[in-house]
Each structure stands twice: as C-alpha cells, then as structure tokens.
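Every heavy atom of this structure was used, including side-chain atoms; hydrogens, water molecules and symmetry mates were not. Here is the naming used below: chain letters follow the sequence lines, and residue numbers restart at 1 for every chain.
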Amino acid sequence: MITRTVFALIIINKAGGLIYNRTFHEGGLNKISTNDYLVLAGTFHGVHAITARLNPLKFPATNRSSTSSTGPLTRPELPSGLEVLESENFRMQCFTTLTGIKFLLFTDTTQANVDLTMRRVYDMYTDYVMKNPFYQLEMPVRCDMFDRKLGSYIREINNR
Amino acid sequence: MAHLGPSKAASSKEQAGLRYPSNGKTIYHRPLNRSKTAELSQASFAYLFSEMVSYAQRRVTGIQELEKRLNLQGHPIGLKLLDLLLIREPPRSQTRPLTIIALLHFIKINLWTHLFGRQADRLEKSSNPDTPDEYMIIDNEPLVNAYISVPREMSQLNCAAFVAGIVEGVCDGAMFPARVTAHTVGGKEEGEMWPGKTVFLVKFQSEVLEREALIGKG
C-alpha cells in the first residue's frame with residue numbers, strides 16, 4: 001500500500017541504552033511500549049556486539065595493499081557487526097559512529113538511499129545535539145531543535 | 001574621550017615615534033583573518049560558545065545569574081568593537097553616534113554586519129507610553145542560538161544574553177548607558193516561521209533621555 005517510507009528512528013548510546021526514539025509514520029510499524037523499545041535497544045546492542053566479534057579483522061597488509069597508500073593508516077578497520085536486518089514488511093539499517101553511538105533507521109523494504117538519509121540524520125545529530133550546551137553525553141536526547149529539523153527532513157522524504 | 005578621537009589620531013601622524021604606513025592603513029583597518037571572505041567556521045564557534053555557556057552554568061544557581069554572566073562575557077567585546085568599527089569608518093563619519101537613533105542604526109547595521117554577516121532584522125521603539133526609554137532590536141534567528149535548544153525547565157533563558165552584553169558594551173562605550181536583555185518571543189506555536197526569534201530590549205538610563213530631549217530642543 002504505502003511504499004518508500006521512513007518509519008522510525010532509534011538512537012542507542014554506547015552502553016546499550018535507548019536515548020532517542022521517534023516514530024514518523026503512523027501505521028507502518030506496530031506500536032510497542034516504551035519498555036519494549038528499551039528491551040529492543042538493549043538486545044540489539046548485545047547482538048551487534050557479538051556479530052562484531054564474529055567478523056574477522058581486516059589487516060591493511062593483506063586486504064588493502066596498494067589502494068590505501070594515501071595516508072599513514074596502519075590500524076585495522078574495526079569490524080562493523082550487524083548492519084542490516086530485513087523482514088517482510090520493514091528493513092532496519094544500523095549505523096555505528098566512531099564513538100559507538102548506534103542509529104537504527106526503520107524503513108520500508110523498497111526504500112532507496114537509506115545511506116544518504118542516515119548520513120543526514122547523523123549530521124543533524126552532530127549539529128543540534130552535540131553542539132547544544134544543555135545536552136549531557138549518554139543521556140536521553142531532548143532537543144527541540146533536533147526534533148524540529150529531523151521531523152521536517154523525514155516529512156520531506158515521506159511525501160516525495 | 002571618544003569625541004576627541006578623530007582629530008587626535010590625525011595629528012599624531014606627524015609625531016615622532018610611531019610609524020604609519022604610507023597609505024594610512026594600520027593593523028586596525030584590516031581583519032586578522034586574511035582569507036578572501038574573512039569567514040570563520042561556524043562549527044568551531046558553536047563548540048566554543050557551547051563551552052562558554054556550560055562554563056557559566058557551572059558557577060551559577062539561577063537563570064538570571066546565568067544570563068548576567070553571559071552578558072558580562074559580551075560586555076568588553078562591545079566596548080572594544082565600538083572603537084574598532086569607528087576607526088574603520090571613512091574619516092568624515094568617524095564620530096561616535098550622538099543620538100539614540102544613530103546609535104541603534106550603528107548597532108543594527110555596522111555591528112551586526114561585522115559580527116554576523118548580515119543586518120539585524122528590525123528596530124522598534126516601545127509603543128508603551130510608560131516606557132519611552134525602551135527600544136527593541138529584533139533578530140529572527142540569532143547566530144549564537146543556531147544549535148541551542150533550551151530545556152523546558154529553563155524556558156526563561158536565552159543564550160543570546162551574550163550578544164545583549166555586546167550591545168550593552170557598545171551603548172556604554174558610546175556614553176549611552178543602558179541595560180540590554182535578550183528575550184525569546186518565537187516558538188510559542190507549532191509551525192512558526194522563526195521559532196528562535198529574539199528581541200534585544202535596550203533600556204536606556206534616564207539621563208540619556210534627558211540629554212536627548214535637550215538636544216532635540218536646541
């Protein structure tokens with residue numbers, strides 16, 4: 001019925017706590033209680049940690065021989081862990097920042113350019129949350145400006 | 001004294017000791033930032049300002065005290081900017097503003113353009129007959145508040161108190177002693193065009209208005 005929609009966004013801090021949870025489209029996903037969202041965040045955090053350990057380390061000497069000669073990069077790339085989870089009705093994409101914050105974006109299965117959307121969401125997070133003097137690290141995100149900008153950006157995508 | 005400024009500066013050129021470049025341009029005429037557009041990174045400023053607010057916040061008990069501290073951080077900047085901006089004016093308009101309207105125009109145009117790259121959005125005089133000493137400078141989205149969301153329990157606070165301090169410094173330096181405060185007027189209803197709209201309320205002291213009335217008569 002409805003295609004190309006961003007359903008919801010969840011942000012998980014580095015300890016696995018839920019710090020932001022917002023639904024953009026009514027009727028896309030079933031409603032679950034706040035407690036269930038907390039469980040979802042914690043569970044996903046655990047699964048992500050385990051899958052990251054499954055992933056073998058890539059060493060620059062073997063895998064990135066000539067292409068990475070631009071900089072003195074010697075540290076192996078961190079294993080990324082679970083990135084995409086798909087069901088019949090939705091697709092969940094996870095993006096982990098270098099500091100360990102996880103953004104989970106729930107979209108329709110046919111949604112295109114989720115990477116780009118994720119990137120913009122991350123940009124907004126760095127602007128309107130990290131540059132806000134009243135935000136405390138690792139605590140729930142309560143920033144009007146972030147809510148407003150995120151809301152209008154996602155609305156633009158969903159109405160396209 | 002500021003009103004002796006321009007003539008003094010001109011005559012000191014002949015005095016020995018200080019050397020002036022032949023085109024008359026001193027270090028004060030050019031910005032330190034020599035890039036083409038003289039722009040600064042807004043992100044670096046946002047982080048710096050964010051830290052200034054947290055720094056002020058750690059040492060206060062109430063919102064008023066916090067605004068007072070931000071105001072005090074801005075005040076010396078205003079005092080110095082008045083001198084700097086005047087010296088950069090062409091010699092014939094190098095006098096400090098002498099009337100309230102001239103001063104407010106100087107703030108709205110010169111000061112705002114220097115600090116934020118655009119003019120302030122509006123100037124208004126209080127329509128209330130009981131407060132003829134109050135003027136308002138209106139900025140639809142203050143640059144300092146670009147990334148700041150004030151929590152609900154502190155809704156009285158507007159971090160543009162720092163800019164209010166700069167404006168107060170300019171007024172004080174120009175011999176128009178005033179109290180300047182920043183107030184949020186936007187954001188009350190959903191879907192508003194300027195949710196961060198801020199009014200800088202300039203309340204001049206009584207002697208300023210007295211003098212203004214005398215000048216008007218003469």
Side-chain angles (χ1 to χ4, degrees), chain A residues 6 9-14 17-26 34 95 97-101 103 116-160, chain B residues 40-60 62-63 65-67 69-70 73-74 140-163 182 184-198:
Chain A
V6 178
L9 171 74
I10 285 180
I11 305 179
I12 302 172
N13 70 9
K14 38 176 176 275
L18 182 74
I19 56 169
Y20 191 79
N21 163 24
R22 183 153 171 205
T23 315
F24 300 104
H25 185 86
E26 293 302 323
T34 314
F95 169 70
T97 68
L98 288 175
T99 48
I101 310 276
F103 291 77
L116 204 79
T117 312
M118 190 66 100
R119 179 76 213 174
R120 281 290 297 144
V121 170
Y122 181 38
D123 280 355
M124 283 179 203
Y125 174 82
T126 54
D127 273 352
Y128 299 103
V129 179
M130 299 317 284
K131 290 175 190 162
N132 182 4
F134 302 103
Y135 176 68
Q136 287 169 312
L137 284 178
E138 303 288 302
M139 297 307 276
V141 177
R142 282 199 199 88
C143 303
D144 294 345
M145 200 90 85
F146 179 62
D147 287 347
R148 214 179 301 131
K149 300 278 173 180
L150 186 68
S152 60
Y153 175 64
I154 300 291
R155 205 176 311 123
E156 200 180 294
I157 290 180
N158 285 355
N159 290 340
R160 209 179 282 161
Chain B
L40 296 172
S41 152
Q42 191 180 358
S44 344
F45 175 75
Y47 283 120
L48 175 67
F49 188 65
S50 162
E51 281 309 309
M52 281 163 61
V53 174
S54 328
Y55 178 84
Q57 208 182 359
R58 268 195 295 268
R59 290 162 173 75
V60 296
I63 290 168
E65 214 178 320
L66 175 56
E67 288 200 328
R69 272 188 175 267
L70 286 171
Q73 289 185 353
N140 285 341
E141 42 178 2
L143 182 120
V144 292
N145 286 351
Y147 302 118
I148 295 181
S149 319
V150 175
R152 229 156 255 141
E153 64 271 19
M154 298 173 87
S155 60
Q156 291 293 305
L157 175 73
N158 188 329
C159 295
F162 174 66
V163 181
T184 313
V185 290
K188 296 208 170 66
E189 46 207 280
E190 213 42 46
E192 210 173 332
M193 180 126 168
W194 306 112
K197 189 169 171 179
T198 297

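- Remark: Met130(A) CE to Tyr47(B) OH distance equals 6.5 Å, nearest 0.5 Å.
- Listed here is the closest heavy atom pair of Asp144(A) and Arg152(B): OD1-NH2, 3.4 Å.
- The environment of Glu138(A) atom CD is dense: over 12 non-hydrogen atoms of other residues, nucleotides or ligands sit within 6.0 angstrom.
- Proximity to chain A (any heavy atom under 4.5 Å) is shown, for Leu48(B), by neither the backbone nor the side chain.
- With a 4.5 Å cut-off on non-hydrogen atoms, Met154(B) touches chain A through its side chain but not through its backbone.
- When the candidates Lys131(A), Arg142(A), Lys149(A) are compared by the number of heavy-atom contacts under 4.5 Å with chain B, Lys131(A) comes out ahead.
- Few gaps surround CZ on Arg59(B); more than 12 heavy atoms of other groups in view lie less than 6.0 Å from it.
- Contacts between Gln57(B) and chain A at a heavy-atom distance below 4.5 Å involve the side chain alone, from C-beta outward.
- In this structure, the portion of Thr126(A) lying under 4.5 Å from any heavy atom of chain B is its backbone and not its side chain.
- Heavy-atom minimum distance, Ile148(B) versus Pro133(A): CG1-CD, 3.6 Å.
- In terms of heavy atoms, Phe134(A) sits closest to Val53(B) at CZ-CG1, 4.0 Å.
- Within 6.0 Å of CD on Glu153(B) lie more than 12 heavy atoms contributed by other residues, nucleotides or ligands.
- For Ala43(B), the parts lying near chain A are the backbone and the side chain together; criterion is any non-hydrogen pair under 4.5 Å.
- Counting heavy-atom neighbours within 6.0 Å of Arg22(A) CZ, excluding the residue itself, gives a total above 12.
- Between atom OG of residue Ser149(B) and atom CZ of residue Arg148(A) there is a gap of 7.0 Å, rounded to the nearest 0.5 Å.
- For chain B, the nearby parts of Tyr128(A) are the backbone and the side chain; heavy atoms of each come within less than 4.5 Å.
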